[in-house]
K.L.:
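Take this structure, written in structure tokens, and hold onto it; I'll ask about it next.
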There are 2 protein chains.
Amino acid sequence: MGQTIKTAAVQPPPRERILAAARDLFYRHGIRAVGVDAIAEAAATNKMTLYRHFGSKDELISAYLQELAKEGDDLWQRLRDTYPDDPHAQIEAWVQHVEQVLTDCSERGCAMANAAVEMREIDHPARQIIDDYKTRKRDQLVRLFSEAGYGEPEQVADEVFLLFEGARISIQCCSKGPALRVVRMLRSLLADHAPKVEVEALAAKNAVSEREAGTKSSAKSKET
Amino acid sequence: MGQTIKTAAVQPPPRERILAAARDLFYRHGIRAVGVDAIAEAAATNKMTLYRHFGSKDELISAYLQELAKEGDDLWQRLRDTYPDDPHAQIEAWVQHVEQVLTDCSERGCAMANAAVEMREIDHPARQIIDDYKTRKRDQLVRLFSEAGYGEPEQVADEVFLLFEGARISIQCCSKGPALRVVRMLRSLLADHAPKVEVEALAAKNAVSEREAGTKSSAKSKET
DNA sequence: CCACGACGTTACTGGTCAGTAACATAGTGT
DNA sequence: ACACTATGTTACTGACCAGTAACGTCGTGG
């Protein structure tokens, strides 16, 4: 029995491997800096198979960004589902996610934003994906703050959004000081805008949710 | 008289033309996306002359970034000199500069940050220039807010810095909403931290400095 | 007038890259 | 055994790109 032993039996299908390799290389070295040969090799396959699954490098880039967008959306949804009907806990969990992202030593900024910088052609399909994703993220923050009863949820969301974006870009090109202090900023900013009645209740709750959410966030997401 | 008429007599020397062309093309299309041939052609010269002035593309990139850094520093200094011993007016002028940068329709983010995204190799000479510049900018903000008597100038500077960075990156990949509202954010943030005694005095002064500084900022800087 | 230096022109090298063609191989279902 | 499909392999094209060599031109300063 077993004359047809699958070499590395549990290896995922080529398409997945290619996408995973592209994701890693694109994020680490940049989209333009990575050739399709390198991706195929990293995926333990070859260029032909790559081109059978993705018609062109641009298509692969789009698939890469769409995967990132989906994971970012899923992560957000999971965050929401973990604390149903408790927007304050959701906010706190998100802040902790932000902290985790920014203190990850492999952090090289937001893959989406970096892609937007690299793909400057305004008609590149990638841009639409990025634009949609970022707009969605901002709107999700607005909604969350609105549900939490914050005054001026749009303003708070814009500010939080820009602070996070700023942190992720500046962690790539500065001495990282400001970026690493962004969590403290977020906390005090949110405290300032939280509905007054809940302040002390929220403070009490943080001690709890801090442990709960801290352990289960193991997904290595690179998104907002 | 005048048998040797200089064709296009007032044309600047090749080195300047090359740097100007590089600056334009690098900023508009990205550093990696622009070849030296294209730069030479845009500078109305040729590749050989380019390589006589800049030993390599990397050297040209460094010169490009250093020029940007110098202009950014000069602009900051001019801002300071325009309102000597009046840090509040300097702050207001800087905010107006920010507004002008962000509403410029040719804005494609901070050239420095974009370069950092494109040049991922940690040992690339460009990275040091960018890092130094950004750190300097942040420190200049700290100093300015400190001179203006703000409480916690470091915190305010970090927040302002990250908001601006966030605005400049997000203007490239989002529906630009949040970025365009950053000036309002800055104003209210600064108002919150300004020394209490000066608030109404500052408000009165804004009406004046708004006209003064608004007209003379014609330099097309792309820097923080 | 001459020599020198700055600049221009052409053509080339070697390398990389996206994308394709042609053929070989292996698993799978019938 | 057969056919079909997914995958692997090799080799290629054409384009682009960074960088160089060799030579030609022109203006300036002595």
K.L.:
What is the distance from CD1 of Ile61(B) to P of dC17(D), rounded to the nearest Å?
P.N.:
14 Å
K.L.:
Can we say Asp74(A) and Arg78(A) salt-bridge, meaning some charged N sits less than 4.0 Å from an Asp/Glu carboxylate O?
P.N.:
no
K.L.:
Distance alone, cut at 3.5 Å: any donor-acceptor contact between the side chains of Gln77(A) and Asp73(A)?
P.N.:
no
K.L.:
Whole angstrom is fine here: how far is it from CD1 in Ile18(B) over to C1' in dA6(C)?
P.N.:
12 Å
K.L.:
In whole angstroms, how far is the P atom of dC12(C) from the CG atom of Asp37(B)?
P.N.:
16 Å
K.L.:
Could you tell me whether Arg23(B) and Glu71(B) make a salt bridge, using a distance below 4.0 angstrom between a side-chain N and a carboxylate O?
P.N.:
yes
K.L.:
Quick test of your reading of the model: are Arg32(A) and Glu118(B) salt-bridged, counting only N-O distances below 4.0 Å?
P.N.:
no
K.L.:
Between Arg143(B) and Glu154(B), does any side-chain N to carboxylate O distance fall below 4.0 Å?
P.N.:
no
K.L.:
Whole Å only: how far is the CZ atom of Arg32(A) from the P atom of dA18(C)?
P.N.:
10 Å
K.L.:
Answer with base, sugar-phosphate or nothing: what part of the nucleic acid does Pro13(A) contact at a heavy-atom distance below 4.0 Å?
P.N.:
nothing
K.L.:
Can a donor-acceptor pair be found between the side chains of Asn46(B) and Thr49(B) at a distance below 3.5 Å?
P.N.:
yes
K.L.:
Can you identify which nucleotide, out of dT7(D), dA18(D), dC7(C), has its nearest atom closest to the Pro14(B) side chain?
P.N.:
dC7(C)
K.L.:
Should the pair Glu159(A)-Arg181(B) be classified as a salt bridge under the 4.0 Å nitrogen-to-oxygen rule?
P.N.:
no
K.L.:
Reading DNA chain C 5' to 3', what string of ( ), [ ], | and . shows its pairs, if Watson-Crick and G-U wobble pairs count only when both distances fall under 3.5 Å?
P.N.:
||||||||||||||||||||||||||||||
K.L.:
Could you state the CD1-P distance from Ile39(B) to dC17(D), rounded to the nearest angstrom?
P.N.:
11 Å
K.L.:
In whole Å, what is the span from the CZ atom of Arg15(A) to the P atom of dG8(D)?
P.N.:
15 Å
K.L.:
Which of residues 45-60 of chain A have a heavy atom under 4.0 Å from DNA chain C?
P.N.:
Lys47(A), Met48(A), Tyr51(A), Ser56(A), Lys57(A)
K.L.:
Using a 4.0 Å heavy-atom cut-off, does Arg17(A) contact any base of the nucleic acid, only the sugar-phosphate backbone, or nothing at all?
P.N.:
sugar-phosphate
K.L.:
Please walk me through it: do Arg168(A) and Glu165(B) pass side chain to side chain contact (heavy atoms under 4.5 Å, CB included)?
P.N.:
CA-CA 9 Å; Arg168(A) 292 197 84 182; Glu165(B) 291 291 309; over 6 Å; no
K.L.:
Once you round it to whole Å, what is the distance between C1' of dA18(C) and CD1 of Ile31(A)?
P.N.:
16 Å
K.L.:
Which whole-number value in Å describes the distance from Gln11(A) CD to dA26(C) C1'?
P.N.:
15 Å
K.L.:
Before accepting this row, confirm whether a basic side-chain N of the pair Glu121(B)/Arg127(B) lies closer than 4.0 Å to the acidic partner's carboxylate O.
P.N.:
no
